[in-house]
Student: 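Starting off with a structure, shown below.
Lettering follows sequence order; numbering is per chain, from 1. Quick note: numbers below take in every heavy atom, side chains included, and nothing from hydrogens, waters or symmetry partners. As the structure is a prediction and not an experimental result, all values here were calculated from the model.
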Number of protein chains: 2
Amino acid sequence: MIMNAATLEAPVTFTRQLPVRDIRVAAPLKTQCSACHLKELCLPCGMTGDDVVRLDGLLFGRRKVKLGQPLYHEGDRFQYIYAVRSGTFKSSLTLQDGRDQVTGFHMAGELMGLDGVAQGHHASGATALEDAEICAIPYEHLNELSAAHSNMHHLVSRLMSREIVREHSLMMLLGSMNAEERLAAFLLNLSQRMKARGYSASEFHLRMSRAEIGSYLGMKLETVSRTFSAFQQRGLLEVDKRHIRILDLAGLSRALDMRIH
Amino acid sequence: MIMNAATLEAPVTFTRQLPVRDIRVAAPLKTQCSACHLKELCLPCGMTGDDVVRLDGLLFGRRKVKLGQPLYHEGDRFQYIYAVRSGTFKSSLTLQDGRDQVTGFHMAGELMGLDGVAQGHHASGATALEDAEICAIPYEHLNELSAAHSNMHHLVSRLMSREIVREHSLMMLLGSMNAEERLAAFLLNLSQRMKARGYSASEFHLRMSRAEIGSYLGMKLETVSRTFSAFQQRGLLEVDKRHIRILDLAGLSRALDMRIH
DNA sequence: CGTCTTTTTGAATACTGTCAATTTAAGTGG
DNA sequence: CCACTTAAATTGACAGTATTCAAAAAGACG
């Protein structure tokens, strides 16, 4: 069965209070991962039934974040790992000269903040690109829980490794693709992620600006805009500001394969 | 006291056999991390005295790898995390069209293979850029050990997070710097790493070709070569093939700060 | 309704890539 | 030991792509 947008927004049962002092976590409640509609995509991803049940011992808070609001800043003390419940976020870091570089976009079920484990503070900040809701998972508590169940122990490691692999593919994108290939790769990736969440794979709304896409893909906003126009003229897409309709998915994919020389 | 090249090559005491079946790990022996001259840089990095002693329970094999030989291939089953004892490696992955993209260079004390945790097989391959020696740490065994000592449990997580942070900075390099800034950043990074290993920070030998540097930095080998020449003409460097001498470290750093506009 | 932000598009410039030739170094084998 | 082959690095000339600067159009928001 394919999930739709409504399913993703469905209410979840909350049962117990979590004693979290951080004022930014406004709704400290307990939810069960096994009951969550995002369990296939989120933290429990790849876990067997037994392990997911053990995950239910995990306490975490929930919080709403409005469009444009930061969830955490670069340099903040690392305390929580965040899972997106609804909405979209960008991760970004500020360069010496003040501009910021977008390092990722995050949709429902995806995790943020794993880069904070290394230094004890967040290496990048996260900002909501639309009204959103997150689960804040206390990192220490997650560790205590996994210490008790040794085979759950790999959980965080696997998730981090996944992040490393994700960044590898971004590196090869930035290192060896031209503007059209980058945007095609970006759109195809978005399309897949929308599909995995029960949305249409061919028609969706971009939550990020041209400048943010450009920052992520290593190109200027004008080049992003021009490339969108070029795809439209070739009949691959219909673009109306942030509304995207993919007309020729195979054609877009070919824009990537063409990179053979 | 500053370590020199000879110190890095110093012999280490081996005491017991490790039952590893993988034929590629030719010298399965036990070494103690606490006795290793690389302990400040390698796996035990940032650990307290007590924890380092616990790490001595860790069993791992050693292996020599000759110039040009692969340590592991992309797609190989993930079984070990590798620590460089001596020599230099590159990590790379093969694109659809057959070319490969370099994702990192690894020097003594640095870890490789962490990207394999996610999928159970290596997402990138590693190749020796000079005759080298490594420690092969069985990942499962590392987990067992850290399950017994709960505060050692963060070890791998921290190391992976460090890798994520490292890739962040490479992303911003690829996403927002021009050729000169990229090469300057690369050389300054190398210089720091050489210094941390007791070598000269201003004069060293590159173990990678122009093409490999280019692949890593997202530029063509000709551009790498031209940029080296430009730096030399400006009196920042002396370049003779792979031998580098940094004449004006501050000037090179300025090449990065110049990126203010 | 006006202001501000985002997006699109054009024209000129700057930068990097491509192709090609040359030099240098490192092996290889007679 | 020398001629030969192969690989790596440098350099020039030119083409192609992305950036910069500038202007206009289209929404979004109060």
Side-chain angles (χ1 to χ4, degrees), chain A residues 66-68 90 97 99 101-102 127 129-131 173-187 205-234 237-244 255 258-261, chain B residues 66-68 90 97 99 101-102 127 129-131 173-184 186-187 205-234 237-245 255 258-261:
Chain A
K66 286 214 171 292
L67 189 161
K90 67 169 177 184
D97 57 24
R99 289 175 307 169
Q101 163 85 23
V102 175
T127 310
L129 296 178
E130 61 183 318
D131 291 356
L173 179 145
L174 291 169
S176 71
M177 296 187 191
N178 65 24
E180 295 204 347
E181 291 164 346
R182 290 176 196 203
L183 192 61
F186 173 72
L187 291 171
H205 194 79
L206 298 174
R207 302 288 147 162
M208 62 293 285
S209 69
R210 300 291 188 259
E212 284 163 339
I213 295 172
S215 172
Y216 182 63
L217 297 179
M219 48 206 260
K220 297 293 156 191
L221 69 95
E222 294 94 331
T223 309
V224 175
S225 182
R226 272 184 245 277
T227 309
F228 268 125
S229 301
F231 283 165
Q232 182 161 242
Q233 283 190 336
R234 254 179 274 161
L237 300 176
E238 258 177 38
V239 185
D240 180 27
K241 306 288 172 215
R242 296 190 178 186
H243 190 86
I244 303 293
M258 268 179 34
R259 186 172 39 78
I260 302 182
H261 58 116
Chain B
K66 285 212 171 291
L67 190 161
K90 68 169 177 184
D97 56 24
R99 289 176 307 169
Q101 163 84 24
V102 174
T127 311
L129 297 179
E130 61 183 319
D131 290 357
L173 180 146
L174 291 169
S176 70
M177 295 188 191
N178 64 26
E180 296 204 347
E181 292 164 345
R182 290 177 196 203
L183 191 61
F186 173 72
L187 290 171
H205 195 79
L206 298 174
R207 311 259 91 127
M208 61 292 285
S209 69
R210 300 291 189 259
E212 285 163 335
I213 295 172
S215 172
Y216 181 63
L217 296 179
M219 48 206 259
K220 296 294 155 189
L221 69 94
E222 294 94 334
T223 308
V224 175
S225 183
R226 271 186 246 278
T227 309
F228 268 124
S229 301
F231 282 165
Q232 181 161 241
Q233 283 190 337
R234 254 180 274 162
L237 299 176
E238 259 177 40
V239 185
D240 180 30
K241 305 287 171 216
R242 297 191 178 185
H243 190 85
I244 302 293
R245 184 183 206 164
M258 270 178 34
R259 187 172 39 80
I260 302 183
H261 58 115

Student: Is the backbone of A/S215 close enough, under 3.5 Å, to the side chain of A/Q101 for a donor and an acceptor to pair up by distance?
Tutor: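 Present.
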Student: Round to a whole Å and report the spacing from CD1 of B/I213 to P of C/dT16.
Tutor: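 To the nearest whole Å, that distance equals 16 Å.
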Student: Measure the distance from CG on A/L129 to C1' on C/dT5 and round it to the nearest whole Å.
Tutor: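 Those two atoms, CG and C1', are 16 Å apart.
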Student: Could you give the NZ-to-P distance, from B/K220 to D/dT10, as a whole number of Å?
Tutor: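 From B/K220 NZ to D/dT10 P: 17 Å.
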Student: Between A/Q233 (side chain only) and A/A230 (backbone N and O only), is there a donor and an acceptor less than 3.5 Å apart?
Tutor: no
Student: Measure from CZ on A/R242 to P on D/dA28 and round the result to the nearest Å.
Tutor: 10 Å
Student: Less than 4.5 Å apart, any side-chain heavy atom of A/L173 and any of A/E181?
Tutor: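 No - every pair of side-chain heavy atoms lies 4.5 Å or more apart.
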Student: Taking atom CG of B/N178 and atom OG1 of B/T227, what is their separation to the nearest 0.5 Å?
Tutor: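 B/N178 CG to B/T227 OG1: 8.5 Å, rounded to 0.5 Å.
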Student: Do A/M219 and A/I213 have side chains that get closer than 4.5 Å, going by heavy atoms?
Tutor: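 Sidechains of A/I213 and A/M219: no contact.
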Student: If I take atom CG in residue A/L67 and atom P in nucleotide C/dT6, what distance separates them, rounded to the nearest angstrom?
Tutor: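 Rounding to the nearest Å, CG of A/L67 and P of C/dT6 are 11 Å apart.
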Student: Please examine the side chains of A/L67 and A/L129, heavy atoms only from C-beta on, and report whether any two atoms are closer than 4.5 Å.
Tutor: no
Student: State, yes or no, whether a side-chain contact exists between A/R234 and A/E180 at a heavy-atom distance under 4.5 Å.
Tutor: yes
Student: Any side-chain heavy atom of A/F228 within less than 4.5 Å of one from A/L183?
Tutor: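 When only atoms from C-beta onward are counted, A/L183 and A/F228 do touch, with a gap below 4.5 Å.
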Student: How many Å lie between CE on A/M219 and P on C/dT16, as a whole number?
Tutor: 17 Å
Student: For the pair made of CG in A/L174 and P in D/dT17, what is the distance, rounded to whole Å?
Tutor: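 Atom CG in A/L174 sits about 19 Å away from atom P in D/dT17.
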Student: More than 12 heavy atoms of other residues, nucleotides or ligands under 6.0 Å from CZ of B/R245: is that the case?
Tutor: no
Student: Give the rounded distance in Å between these two atoms: CG of A/L206 and P of D/dG27.
Tutor: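 So the CG-P distance, A/L206 to D/dG27, works out to 16 Å.
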Student: If an axis is fit to five pairs at each end of the helix from C/dC1-D/dG30 to C/dG30-D/dC1, what is the angle between the two, to the nearest 10°?
Tutor: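 Computed from the C1' atoms at both ends, the axes differ by 40°.
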Student: Summarise how protein sits on nucleotides 8-13 of chain C as a single string, 5' to 3': B when a protein heavy atom is under 4.0 Å from the base, S for sugar-phosphate-only contact, - for no contact.
Tutor: BBBB--
